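Here the structure is laid out as structure tokens; the discussion comes afterwards.
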Amino acid sequence: MANKIHVEIITPGRTVLSDDFSMVVVRALDGEMGILADHLPLIASLQEWPVKLKTDDECVRYVSVSGGFMEVRDNRITILATAAELPEEIDAKRAEAAKERASARLTDEQYDHMRSETALRRAAGRLKTLEMANIH
Ligand code: ATP
């Protein structure tokens, strides 16, 4: 299968996506990274951010991924994340509420700061996925 990468996005409960693409763009901890076929083997930690998936006909899809890890090997990308959603599965109101809750907790000493920051990044990543996929 020339110039194709098989991508699997897996959460504890299900496989969110399993398909072939020509290019994948992720936001790793140290920045954005585009992966084409024949990429060298790699393992990276991901940020809470949409994964961008391009097909040969330039069709673009997005999947919200809440952190996790990516392995690239033999034209296969496996992303393991605690949570991931297709744009059409994302409840925008729920993400807005989670964002507001996490923002409020950041200024309240009784809540763990790091946990609130992570929750805020998850909510922001879901909202960004909707924006990039043009679903409002
Ligand atoms: P919340 O506070 O709204 O539960 P969260 O960031 O704490 O958000 P997670 O722990 O990341 O939620 O996810 C728990 C489960 O709920 C996962 O299966 C995830 O896919 C799903 N989920 C979380 N937020 C949304 C959302 N806005 N729309 C659809 N599914 C969501």
Side-chain angles (χ1 to χ4, degrees):
M1 207 168 28
N3 304 319
K4 286 270 171 91
I5 315 164
H6 186 74
V7 181
E8 293 212 334
I9 300 180
I10 298 164
T11 65
R14 66 186 178 128
T15 298
V16 176
L17 175 133
S18 175
D19 217 335
D20 294 333
F21 295 93
S22 54
M23 185 181 185
V24 179
V25 182
V26 298
R27 193 171 277 196
L29 287 193
D30 52 358
E32 202 142 87
M33 178 184 288
I35 296 146
L36 296 164
D38 300 324
H39 198 285
L40 288 174
L42 169 86
I43 288 182
S45 295
L46 301 183
Q47 294 189 40
E48 297 81 355
W49 200 251
V51 171
K52 183 177 178 182
L53 305 138
K54 256 192 194 176
T55 60
D56 275 343
D57 54 7
E58 293 297 307
C59 177
V60 176
R61 292 176 66 185
Y62 294 93
V63 179
S64 172
V65 171
S66 293
F69 297 94
M70 173 184 72
E71 181 192 49
V72 182
R73 183 157 53 105
D74 297 335
N75 282 335
R76 294 180 72 87
I77 294 182
T78 308
I79 293 175
L80 296 174
T82 50
E85 303 88 30
L86 303 172
E88 58 271 26
E89 295 171 336
I90 297 173
D91 178 338
K93 284 204 176 86
R94 177 175 167 182
E96 290 283 6
K99 186 179 169 187
E100 273 177 33
R101 197 167 49 242
S103 300
R105 287 180 179 178
L106 276 174
T107 57
D108 187 336
E109 274 181 14
Q110 67 172 310
Y111 292 101
D112 181 79
H113 196 83
M114 207 184 274
R115 216 170 144 171
S116 303
E117 273 185 341
T118 314
L120 182 58
R121 286 202 303 271
R122 284 197 302 274
R126 288 181 178 119
L127 293 170
K128 192 73 191 171
T129 304
L130 289 178
E131 186 190 317
M132 290 172 105
N134 237 328
I135 299 177
H136 300 288

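Remember, predicted model here, so these are calculated numbers, not experimental data. Indexing begins at 1, ligand by ligand and atom by atom, following the structure's order.
Under 4.0 Å is where a charged nitrogen must lie from a carboxylate oxygen, and between Glu96 and Lys99 no such pair does.
With no hydrogens or angles considered, no side-chain donor-acceptor pair links Glu8 and Thr78 at under 3.5 Å.
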Please walk me through it: do Asp112 and Arg105 pass salt bridge (charged side-chain N to carboxylate O under 4.0 Å, His left out)? CA-CA 8 Å; Asp112 181 79; Arg105 287 180 179 178; over 6 Å; no
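Within a 4.0 Å radius of atom 27 (N) of ligand 1, the protein contributes at least one heavy atom.
Residue contacts with ligand 1: Ser66 is placed with no nitrogen or oxygen under 3.5 Å of a nitrogen or oxygen of the ligand (distance criterion only).
Arg94 NH2, 4.1 Å is the protein heavy atom nearest to atom 15 (C) of ligand 1. Taking atom 10 (O) of ligand 1 as the reference point, the nearest protein heavy-atom neighbour is Arg122 NE, 4.3 Å. Protein heavy atom in closest approach to atom 12 (O) of ligand 1: Arg126 NH1, 3.8 Å. In this structure, the protein non-hydrogen atom closest to atom 17 (C) of ligand 1 is Ala83 CB, 4.0 Å.
For the salt bridge (Lys or Arg N to Asp or Glu O under 4.0 Å) test with Lys4, the passing option among Asp20, Asp56, Asp19 is Asp56; the others fail.
In this comparison of Glu88, Glu85, Arg101, the heavy atom closest to atom 30 (N) of ligand 1 sits on Glu85.
Side-chain contacts under 4.5 Å among hydrophobic residues (ILVMFWY), followed directly or transitively, place Met132 together with Val60, Tyr62.
Although no hydrogens or angles enter the test, the distance criterion places no donor-acceptor pair under 3.5 Å between the side chain of Asp108 and the main chain of Tyr111.
Atoms of ligand 1 lying under 4.0 Å from at least one heavy atom of Glu89, given by number and element, are 28 (N), 29 (C). Distances below 4.0 Å separate heavy atoms of Ala95 from the following atoms of ligand 1: 27 (N). Set against the non-hydrogen atoms of Ile90, the atoms of ligand 1 under 4.0 Å away are 28 (N), 29 (C).
Not a single heavy atom of Lys93 lies less than 4.0 angstrom from ligand 1.
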For residues 34-50, which side-chain N or O atoms pair as donor and acceptor with protein atoms under 3.5 Å away, sequence neighbours left out?
| residue | atom | partner | partner atom | Å |
| --- | --- | --- | --- | --- |
| Asp38 | OD1 | Asn75 | ND2 | 3.4 |
| Gln47 | NE2 | Ala28 | O | 2.9 |
| Glu48 | OE1 | Arg121 | NE | 3.0 |

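Neither Ile10 nor Val24 shares a network with the other; the hydrophobic side chains, linked directly or stepwise wherever heavy atoms of I, L, V, M, F, W or Y lie under 4.5 Å apart, form separate groups for each.
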